[in-house]
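Residue numbering restarts at 1 for every chain, and letters A, B, ... go by the order of the sequence lines. Values below: all heavy atoms of this structure, side chains included; hydrogens, waters and symmetry mates excluded.
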There are 2 protein chains.
Amino acid sequence: MLKITRKVEYALIALRHMQQSPNNSVSSASQIASKYGIPQHLLAKILQQMTRDGLIQAVKGPTGGYKIKADLKKISLKDFFEKLEGPLGLMDCYFNTDCLQMKACNILSPIQKINQNMRDMFSKTTLLEITQ
Amino acid sequence: MLKITRKVEYALIALRHMQQSPNNSVSSASQIASKYGIPQHLLAKILQQMTRDGLIQAVKGPTGGYKIKADLKKISLKDFFEKLEGPLGLMDCYFNTDCLQMKACNILSPIQKINQNMRDMFSKTTLLEITQ
DNA sequence: GTATATACGACAATTTTAATCGTATATAAA
DNA sequence: TTTATATACGATTAAAATTGTCGTATATAC
């Protein structure tokens, strides 16, 4: 419960690795994967998604790889999480309104408050703070 | 990702229900289950655990049920979560030290900070605030 | 050309969560 | 004292989400 996924974990590790790459030179998926013990194909897929999301930039071909593209201090952890995993909420009913028990539910408004607290917390931290 | 479990959700619903019960009279598992559309046996098991945890008190036999026992304003949401689901952390490495990638991991200390933020947040909210 | 990289969808395995089932025990009430 | 209804609790199954693998296509440096 209340765990981040390996997908997000791997993405953070890769981002920090790139952040520390001298002169923002590219790192390949296989380099990163072997250094941190991450399944290579899995990491590749995650890096591809981050590329689509505009966080990093891909360079194809041999000597290719990935490097950071976005300004990490302008991206909150909340935005990062939501790019990778979709809407961020303790319960689905925070976004979905099709819960059948909606009428009977007695904890909706308390949950909404905690949700908001959590979202605020992750909104206040930037990706740069995490990766540098 | 970052979701609470149904177990915790059901527990909160039941607690709030008991909180609103006039004169702290007992509520049976089946009453609560049918009112909120929760599988009865599952709720029963959760209520039994809350009884063991000292949150509520059980009364056996017909006309029996459960009522609140603990002082809810003295119990934080963090304690409640941990009673039901164990240690609260974004990643297992917050508590387990047997991660094989520990040496190579480059996001350990950033993650620890976020973890602490999250734990602080849930420590500041009491169960009473949620259920009343 | 060839080797090495990204791109991407389909599929499989694993793990976690959710739910069910069976049986035992306690007790209020007829 | 019998019966119905409640809690107690472990075993098992089902469902869902996560994690990982595979195959194939495309780009490009050398």
Side-chain angles (χ1 to χ4, degrees), chain A residues 1-11 13-14 18 25-34 36-67 69 81 84-87 89-92 96 99-101, chain B residues 1-11 13-14 18 25-34 36-67 69 81 84-87 89-92 96 99-101:
Chain A
M1 179 177 97
L2 290 168
K3 294 267 187 288
I4 61 174
T5 59
R6 279 201 206 282
K7 184 175 171 183
V8 165
E9 176 188 339
Y10 295 158
I13 289 175
M18 290 181 232
S25 58
V26 300
S27 311
S28 73
S30 66
Q31 282 171 353
I32 302 176
S34 72
Y36 301 100
I38 303 172
Q40 174 173 345
H41 267 65
L42 183 53
L43 178 62
K45 256 194 343 192
I46 296 169
L47 294 171
Q48 285 155 26
Q49 181 178 350
M50 286 199 281
T51 303
R52 285 194 299 271
D53 289 338
L55 288 167
I56 59 181
Q57 178 184 342
V59 176
K60 282 191 170 186
T63 77
Y66 300 90
K67 58 182 174 180
K69 181 184 178 189
F81 288 168
L84 288 175
E85 298 284 358
L90 293 175
M91 290 171 59
D92 288 332
N96 279 349
C99 171
L100 296 176
Q101 276 78 42
Chain B
M1 183 178 93
L2 290 169
K3 294 267 187 290
I4 61 173
T5 59
R6 277 198 209 282
K7 184 175 171 183
V8 165
E9 176 189 339
Y10 294 158
I13 290 175
M18 290 181 234
S25 58
V26 300
S27 309
S28 72
S30 67
Q31 282 172 352
I32 301 176
S34 72
Y36 301 100
I38 302 172
Q40 174 174 346
H41 267 64
L42 182 53
L43 178 62
K45 256 197 340 194
I46 296 168
L47 294 172
Q48 285 156 26
Q49 181 177 350
M50 286 200 280
T51 303
R52 286 194 298 272
D53 289 339
L55 288 167
I56 58 182
Q57 177 184 344
V59 175
K60 283 190 167 188
T63 77
Y66 301 89
K67 58 182 173 180
K69 181 184 178 190
F81 287 168
L84 289 175
E85 297 284 356
L90 293 174
M91 290 170 59
D92 287 332
N96 279 350
C99 170
L100 297 176
Q101 276 77 44

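Mapping A:Tyr10 and B:Leu47 onto DNA chain D via the closest heavy atom, the residue that lands nearer the 5' end is B:Leu47. Each of A:Ala58 and B:Thr63 lies near DNA chain C, and the nucleotide nearest A:Ala58 is the one positioned closer to the 5' end. Nearer to the 5' terminus of DNA chain C, by closest-nucleotide assignment, is the contact made by A:Gln40 (compared with the other of B:Pro39 and A:Gln40).
The closest side-chain heavy-atom distance from B:Val8 to A:Met1 is below 4.5 Å. In this structure the side chain of A:Leu90 never reaches within 4.5 angstrom of the side chain of B:Leu2, judged on heavy atoms. A 4.5 Å side-chain heavy-atom check between B:Lys69 and B:Leu55 finds every atom pair outside the cut-off.
Looking only at atom types and distance, the side chain of A:Gln40 has no donor-acceptor partner in the side chain of A:Ser34 under 3.5 Å away.
Atom CD1 in A:Ile38 sits about 13 Å away from atom C1' in D:dG20, given to the nearest Å. Atom-to-atom, CG of A:Leu42 to P of D:dC22 comes out at 13 Å; the value is rounded to the nearest Å. In this structure, A:Lys45 places its NZ atom 10 Å from C1' of D:dC22, rounding to the nearest Å.
In terms of heavy-atom proximity, A:Ala44 sits nearest to A:Tyr66 at O-OH, 4.1 Å. Considering every non-hydrogen atom in both A:Pro39 and A:Ala33, the closest pair reads C-CB, 4.5 Å. In terms of heavy atoms, A:Ala14 sits closest to A:Leu43 at CB-CD1, 4.2 Å. Between A:Ser25 and A:Lys67, the shortest heavy-atom contact is O-CB, 4.3 Å. Across all their heavy atoms, A:Lys7 and A:Leu84 have their closest contact at NZ-O, 3.1 Å.
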Between protein and nucleic acid, restricted to nucleotides 13-18 of chain D and to nitrogen or oxygen atoms under 3.5 Å apart, what atom pairs and distances do you find?
{"from": "D:dT18", "atom 1": "OP1", "to": "B:Met1", "atom 2": "N", "distance (Å)": "3.3"}

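Within the shown strands, C:dG1 is the pairing partner of D:dC30 under the Watson-Crick or G-U definition, both distances less than 3.5 Å.
Counting any heavy atom pair closer than 4.0 Å across all strands shown, B:Ala44 reaches no nucleic acid atom.
Nucleotides of DNA chain C lying under 4.0 Å from heavy atoms of chain A occupy a range whose first and last members, 5' to 3', are C:dA3 to C:dT17.
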